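Down below is the structure, laid out as structure tokens.
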Amino acid sequence: MRRAWQCRLRAEACSLLKDEKGSAHLLLFGLLGMMTAAFIWVIAFNWMMQTYGMNKTKPLLDRATHAASLDIVPEEAALGRLVWDSTKGTDDFYRYLRLNLKLDSDLTPEEGSHLREAPVVHHLEFVTSPVYPYLLQRTVTVHTGTTKQATRSVQVTIYGPSVVAIVETNQPLLGLARSEPVVLSSVASVRFR
């Protein structure tokens, strides 16, 4: 009885192996699953690289903005007013931006810079308000004049007279021939505390 049962199982297994109906569907679903996994991996990798670039660039931008915020007019400060020296502040901002991000005089990345393209400084301004905290809103257009032109809104909260910088960097994307613009904002208070 046991022997007959084993022979019967073997015969059914052999007939199932010889019956290849549906194997093309299994192969198709397997390939579809692998393509989906590869697509998700590329998206996750691009997101990780963009986050890494932002986390590396933001503190360096903050230091350049802070350097610019230190340039106030001493004569006005002696009278109790905070007035930003825009010429000296702008020069210091660009000097520290070039030093921190390893850029040459026209903001092109040098050897050793983590940036692949030159950053674009959209705004560098001194902001005051009669009431604090103040929500500052600016609009920035990236990739101006191209088919990839987009508008980004930037909102920052300032808690006193401050220097605000808005900079665009571009992050290359894996699997695509284009780069993704990343808009970073930085605020540095000019008030000495």
Side-chain angles (χ1 to χ4, degrees), residues 47-146 148-172 179-193:
W47 178 78
M48 284 186 333
M49 292 306 295
Q50 185 175 3
T51 303
Y52 171 77
M54 287 173 49
N55 289 340
K56 192 163 185 161
T57 305
K58 178 73 165 103
L60 302 174
L61 174 63
D62 288 342
R63 290 181 189 142
T65 308
H66 177 71
S69 72
L70 297 176
D71 294 316
I72 61 170
V73 179
E75 295 81 20
E76 293 292 327
L79 298 173
R81 295 185 291 254
L82 292 174
V83 177
W84 186 54
D85 186 350
S86 62
T87 305
K88 192 167 185 263
T90 301
D91 290 343
D92 280 346
F93 174 79
Y94 280 103
R95 181 170 56 127
Y96 281 96
L97 189 69
R98 285 192 303 271
L99 288 171
N100 291 338
L101 296 176
K102 296 179 183 168
L103 308 171
D104 63 10
S105 59
D106 62 347
L107 300 182
T108 304
E110 294 178 337
E111 186 69 31
S113 176
H114 70 277
L115 297 178
R116 300 288 173 243
E117 298 177 27
V120 179
V121 179
H122 289 283
H123 290 282
L124 178 63
E125 60 184 308
F126 179 66
V127 179
T128 61
S129 174
V131 179
Y132 296 105
Y134 173 69
L135 183 67
L136 177 71
Q137 298 179 352
R138 295 288 183 257
T139 302
V140 174
T141 304
V142 296
H143 293 301
T144 306
T146 66
K148 299 179 282 186
Q149 180 173 327
T151 303
R152 305 275 173 95
S153 295
V154 178
Q155 292 183 348
V156 294
T157 303
I158 60 173
Y159 296 96
S162 302
V163 174
V164 177
I166 300 173
V167 176
E168 170 194 344
T169 61
N170 286 296
Q171 177 67 41
S179 59
E180 180 67 24
V182 177
V183 177
L184 300 170
S185 61
S186 178
V187 177
S189 178
V190 299
R191 190 180 332 163
F192 298 105
R193 298 178 192 194

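Throughout, numbering of the chain's residues begins at 1 and tracks the sequence. As the structure is a computational prediction, the values presented were derived from the model and not from experiment.
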Would you confirm whether [X], through its side chain, and [Y], through its main-chain N or O, come within 3.5 Å as a donor-acceptor pair?
X    : Y    : result
T108 : D104 : no
S113 : L103 : no
K58  : S185 : yes
W84  : P161 : no
S162 : V164 : no

- Task: Compare every heavy atom of S69 with every heavy atom of V163, then report the nearest pair and how far apart it is.
- Result: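 That closest heavy-atom pairing would be CG2-CA, 3.7 Å.
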
Measure the spacing between [atom1] of [X] and [atom2] of [Y] and express it to the nearest 0.5 Å.
X    : Y    : atom1 : atom2 : result
F93  : D71  : CZ    : CG    : 12.5 Å
T90  : L124 : OG1   : CG    : 5.0 Å
H114 : Y52  : NE2   : OH    : 7.5 Å
Q171 : M49  : CD    : CE    : 5.5 Å

Any Lys/Arg nitrogen of [X] or [Y] sitting under 4.0 Å from an Asp/Glu carboxylate oxygen of the other?
X    : Y    : answer
R138 : E125 : yes
D91  : K88  : no
R81  : E76  : yes

Is there a side-chain contact between [X] and [Y] in this structure, where contact means two heavy atoms from C-beta onward sitting under 4.5 Å apart?
X    : Y    : value
N170 : R116 : no
Y132 : T157 : no
V121 : L97  : yes
L107 : Y94  : yes

